[in-house]
Asker: 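Have a look at this one.
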Amino acid sequence: MTYKLLIVDDSKLARMAVVKALNSCYPDWQRVEAGSAADALRAMEADAPHVALVDFNMPNRDGLHLAADLRKLNPTMPIGVISANSQQGVIDRANALGATFLPKPLAENTLRDFLTKAVYELEGSR
Amino acid sequence: MNGATDVTLSELELDAITELVNLGVSRAATNLARMVREEVILTVPRVALMSRREAIQTLGERESKSLVAVHQVFEGEITGRALLIFPEERSLELVRAVVGSDLSLEEIIELEQEALAETGNIILNSCLATIANSLESNLKISLPEVLRGESSKFFSLEPPPVAGTTVMFIYINFAMQKRDINGYIAMMMDMPSLSAMQTLVRALIRRTSIASKT
């Protein structure tokens with residue numbers, strides 16, 4: 001089946017970088033982009049994405065708060081939290097939400113591994 | 001912002017610069033957190049073109065007290081200065097956070113200058129190096145210099161701007177809540193550098209968008 005990835009980052013350039021990596025490892029995936037936590041929550045409802053990639057440092061609601069919101073809406077959705085801020089506190093909070101911390105800039109291999117694991121989880125839970 | 005600006009950045013170019021600064025500062029915060037063994041909270045960076053006077057005013061409004069700054073000049077395709085700034089009254093606490101709390105006050109005071117310079121050096125270098133690498137450019141970064149005084153002094157340092165009064169002004173707040181330390185990182189570049197940076201940023205945007213058009 002075709003999966004849908006929700007990409008959340010306040011920076012358009014950062015979203016472009018994720019799309020570029022996605023196109024080279026999983027070109028058949030669909031994608032939905034959101035520039036804020038509020039847009040992401042709307043996209044959750046309207047587009048029902050299977051996997052979410054969320055930037056940590058965003059204005060208003062940050063990526064960890066958003067990940068918590070997404071987790072409430074969908075307890076099993078694979079969620080990646082992306083940041084160059086790899087402080088242990090940030091990583092721990094991501095893990096506590098059942099999200100995976102992914103270092104920024106996002107390497108293609110890192111995204112591939114994350115999505116491969118996500119597919120495995122999605123197919124296992126069906 | 002004034003009408004004399006001869007470089008106009010598109011929305012995506014400004015977005016790209018903000019994202020680069022975000023990357024750089026996030027790395028810097030990671031390193032700082034490692035040094036002080038405490039989480040460092042960041043705000044989202046603000047990037048704006050403004051006059052030098054407005055930049056000084058912006059800083060003056062936020063912090064009127066006496067400040068300490070670690071200052072470094074970067075040179076290359078883009079030239080400018082970067083500063084790590086915090087209230088002078090918290091400077092010993094920052095030193096204590098970095099060198100450990102088992103030292104006496106005398107020892108901390110003795111180490112202050114050196115510890116501030118080294119802390120600033122690590123933070124500003126990780127920030128500038130991340131930006132330079134992302135732009136595939138090289139920057140030569142000067143040795144750190146510790147300054148004390150008001151914000152207006154930090155931005156009227158020698159050498160004076162090459163041309164124009166418009167600068168690109170970038171700042172981000174950081175905080176270590178347990179130790180009640182907060183400060184900010186600021187960068188300033190003048191027009192010729194801004195134009196060079198625009199060229200580098202356009203190349204970065206091209207590299208990022210090549211494969212994303214489907």
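Chain letters run A, B, ... following the sequence lines, proteins first, then strands; residues in each count from 1.
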Asker: Any chance you could measure A/S11, atom OG, to B/I17, atom CD1, to the nearest 0.5 Å?
Answerer: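 A/S11 atom OG to B/I17 atom CD1 measures 11.5 Å (nearest 0.5 Å).
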
Asker: Among residues 98-105 of chain A, which ones touch chain B with a heavy-atom distance under 4.5 Å?
Answerer: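 Contacts with chain B: A/K104, A/P105.
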
Asker: Does B/E89 have more than 12 heavy atoms from other residues, nucleotides or ligands lying within 6.0 Å of its CD?
Answerer: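 Yes.
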
Asker: Would you mind reporting whether A/L13 and B/V201 have side-chain heavy atoms less than 4.5 Å apart?
Answerer: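 They are not in side-chain contact.
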
Asker: Sort B/L12 into side chain, backbone, both or neither according to what part of it lies under 4.5 angstrom from a heavy atom of chain A.
Answerer: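 Looking at B/L12, just its side chain touches chain A.
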
Asker: Please classify the contact of B/V25 with chain A as side chain, backbone, both or neither, using a heavy-atom distance under 4.5 Å.
Answerer: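 Interface part for B/V25: neither.
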
Asker: OG1/B/T208 to NZ/A/K12 distance, rounded to the nearest 0.5 angstrom?
Answerer: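 The OG1 atom of B/T208 sits 11.5 Å away from the NZ atom of A/K12.
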
Asker: With a cut-off of 6.0 Å (strictly less than), are more than 12 heavy atoms of other residues, nucleotides or ligands near CG of A/D47?
Answerer: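 Atom CG in A/D47 is crowded, with more than 12 foreign heavy atoms closer than 6.0 Å.
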
Asker: Enter the distance from A/R15:CZ to B/E19:CD here, rounded to the nearest 0.5 Å.
Answerer: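 The CZ atom of A/R15 sits 10.0 Å away from the CD atom of B/E19.
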
Asker: Locate the shortest heavy-atom distance separating A/S86 from B/T30; write the atom from each residue and the value.
Answerer: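 That would be N-OG1, 2.9 Å.
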
Asker: Please give me the minimum heavy-atom distance between A/N57 and B/P45, naming the atom from each residue.
Answerer: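 Of all heavy-atom pairs spanning A/N57 and B/P45, the closest is ND2-CD, 4.4 Å.
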
Asker: Give the member of B/V40, B/N22, B/L42 that has the highest number of heavy-atom pairs under 4.5 Å with chain A.
Answerer: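 Most heavy-atom pairs within the cutoff with chain A belong to B/V40.
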
Asker: Given heavy-atom pairs under 4.5 angstrom as the criterion, report whether the side chain, backbone, both or neither of A/D10 touches chain B.
Answerer: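 A/D10 touches chain B through backbone and side-chain heavy atoms alike.
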
Asker: Pick one of side chain, backbone, both or neither for B/E38, based on which atoms fall under 4.5 Å of a heavy atom in chain A.
Answerer: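 The backbone, not the side chain.
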
Asker: Quick check on B/T43 against chain A: is it the side chain, the backbone, both or neither that has a heavy atom closer than 4.5 Å?
Answerer: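 Looking at B/T43, just its backbone touches chain A.
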
Asker: Does a sphere of radius 6.0 Å around CD in B/Q177 hold more than 12 heavy atoms from other residues, nucleotides or ligands, not counting ones at 6.0 Å or beyond?
Answerer: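 It does not: B/Q177 CD has 12 such atoms or fewer within range.
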
Asker: Where does A/V90 contact chain B at under 4.5 Å (heavy atoms): side chain, backbone, both or neither?
Answerer: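 Both backbone and side chain of A/V90 come within 4.5 Å of chain B.
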
Asker: Any non-hydrogen side-chain atom of B/L32 less than 4.5 Å from a side-chain atom of A/Q87?
Answerer: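 When only atoms from C-beta onward are counted, A/Q87 and B/L32 do not touch, as no gap falls below 4.5 Å.
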
Asker: Crowded around A/D92 CG? As in, over 12 foreign heavy atoms under 6.0 Å?
Answerer: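 More than 12 within 6.0 Å, yes.
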
Asker: Would you check if B/E39 and A/R93 make a side-chain contact, meaning some heavy-atom pair closer than 4.5 Å?
Answerer: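 B/E39 vs A/R93: side chains touch.
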
